[in-house]
Amino acid sequence: MHVVVIGTGIVGVCTAAWLQRDGHQVTFLDPRDAGEACSFGNAGSLSPSACLPVGMPGMWKKVPGWLLDPLGPLTVRGTYLPAAMPWLLRFLRHSRPAEVVRIATAMRNLLAPIFDNYGPLLAHANAQALVRRTGCLYVYSGREIARQWQWGMDLRRRLGVEMRDVAQDELETLEPDLRGKFRFGILAPENGSTLDPSELVKALYAQCMRDGASKVTDQATGFVRRGDTVTGVRLAQGEVLACDGVVVAAGAWSGSLTRALGTRIPLETQRGYHVTVNSSNLQLKHTVMAVEHNMMVNPMAKGLRLAGSVEFAGLKAPPDYRRSAVLLSRGKDMFPHLDASRSTEWMGHRPCLPDSMPVIDRAPGVANVWLGFGHGHVGMCGGATTGREIANLVAGRPTGVDLAPFSAERF
């Protein structure tokens, strides 16, 4: 089968790689180069523990204050608030305890086999060196403060995530650079990360191309259908790209494509920011989640990446790099001795659904279109498993993960 994969981020390239293992011919369709959108600037986490949704019990009390702070951890630009409000109300409904347990259970099933599903792809692309499994430290200013997040940590443990308490002396032995600001930690030893998320995507994409894939550098605008079957993808230049099947994995740009197929999915962009400190003098061995700072810290090949924050402003508004400056300020607060003389900043579009779960499904009412998008903060974590499961759907095989929670029709 000739399958057009719309999107060259982590989900698209992993899906293509798994499809090629089944003998399908793949054509990538994307106006951007591989690994240059959200996959370029994320925090690089590969975390089986990252199963909790963004919306947690009690968050509704904090949201109004956050929205009033234009540089807070979650903000909506004033002109975009009417468009974002219906999504935000759905988001808050999914933060009730029973919903959080349901969502976390489904996400744990999706994320638990991260390394099993990346393994064959990395080996084939000779890209194993881009991934490490050194664990993640969730750090707090004290044990008492950590109790504010205990409900979520206990839920992770009930779902089988290995989490080990780390007292101050051990924490400072594991990571001497954390000395002074943090007195308690929780180690998730199963977790890993990538040294460079963009290079990881590019390596997998390059292997797909060596294995016979092709690339059309254009934008998908719609589809040509014959009954319940798509026979081609309409391009911005006016041409039609013929195909036997389509995978929509275009990240935050997937919403308009599903609408063209007759399905409305409440996809939003949570605009994320990062700062990469190229001059970093730190010697961190783990990824570090500074929970009170709401920031992930990852020592990468290009420097220390500080990532976090959520902004709702749509796909077209220019970045507000004051948010990156806030991340850098928090980094200096965490690490007073950090050499931050050289740094770069970035903004990207996380594709998010209000229940913090992606869509992994066949497109409703269409026989030969499959959907893989909406991974939000866990795109790198879920990319390989999503690709494997879409390949299973295309082949008509049983899936390894129960995909019912990820249905396109759940909304």
In residues 230-250, what donor-acceptor pairs under 3.5 Å come from side-chain atoms, sequence neighbours left out?
| from | atom 1 | to | atom 2 | distance (Å) |
| --- | --- | --- | --- | --- |
| Thr231 | OG1 | Val224 | O | 3.4 |
| Asp244 | OD2 | His2 | N | 2.8 |

side-chain contact (heavy atoms from CB on, under 4.5 Å) against [X], all qualifying residues, sequence neighbours excluded:
{"X": "Asp116", "result": "Pro113"}
{"X": "Lys202", "result": "Glu36, Ser198, Glu199"}
{"X": "Ser329", "result": "none"}

Could you check whether any side-chain N or O of [X] sits under 3.5 Å from a backbone N or O of [Y], counting only pairs where one atom can act as donor and the other as acceptor?
{"X": "Asp361", "Y": "Ala408", "value": "yes"}
{"X": "Tyr118", "Y": "Cys14", "value": "no"}
{"X": "Ser279", "Y": "Asp339", "value": "yes"}
{"X": "Arg108", "Y": "Gly160", "value": "yes"}
{"X": "His24", "Y": "Leu19", "value": "no"}
{"X": "Glu389", "Y": "Leu403", "value": "no"}
{"X": "Arg156", "Y": "Ala104", "value": "no"}

Using side-chain hydrogen bond (donor to acceptor under 3.5 Å, both in side chains), reason through Asn191 and Ser49 one step at a time and then give a plain yes or no.
CA-CA 7 Å; Asn191 288 10; Ser49 71; 2.8 Å; yes
With under 30° as parallel and over 60° as perpendicular, where do the rings of Phe312 and Trp87 fit, or are they tilted in between?
tilted
Between Trp346 and Phe40, what is the ring plane arrangement, given parallel below 30°, perpendicular above 60°, and tilted in between?
tilted
Spacing of CZ belonging to Arg264 relative to CG belonging to Leu261, to within rounding of 0.5 Å:
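Here the interatomic distance stands at 12.5 Å.
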Whether the Thr385 and Asn117 side chains hold a donor-acceptor pair (N or O, under 3.5 Å, no angle test) is what I'd like checked.
yes
Qualifying ring-ring contact (aromatic ring centres under 6.0 Å, His included) pairs, either residue in residues 388-411, two or more places apart
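Listed once each, the pairs would be none.
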Tell me whether Arg226 at atom CZ has more than 12 heavy atoms from other residues, nucleotides or ligands lying less than 6.0 Å away.
no
Taking the ring centre of each residue, are Tyr138 and Trp149 less than 6.0 Å apart?
no
Asp154 with Arg157: basic N within carboxylate O range, under 4.0 Å:
yes
For residues 351-359, please give each side-chain donor-acceptor pair under 3.5 Å, one per line with the distance, not counting sequence neighbours.
| from | atom 1 | to | atom 2 | distance (Å) |
| --- | --- | --- | --- | --- |
| Asp355 | OD1 | Met357 | N | 3.2 |
| Asp355 | OD1 | Arg410 | NH2 | 3.0 |
| Asp355 | OD2 | Arg410 | NE | 2.7 |
| Asp355 | OD2 | Arg410 | NH2 | 3.4 |
| Ser356 | OG | Val54 | N | 3.1 |

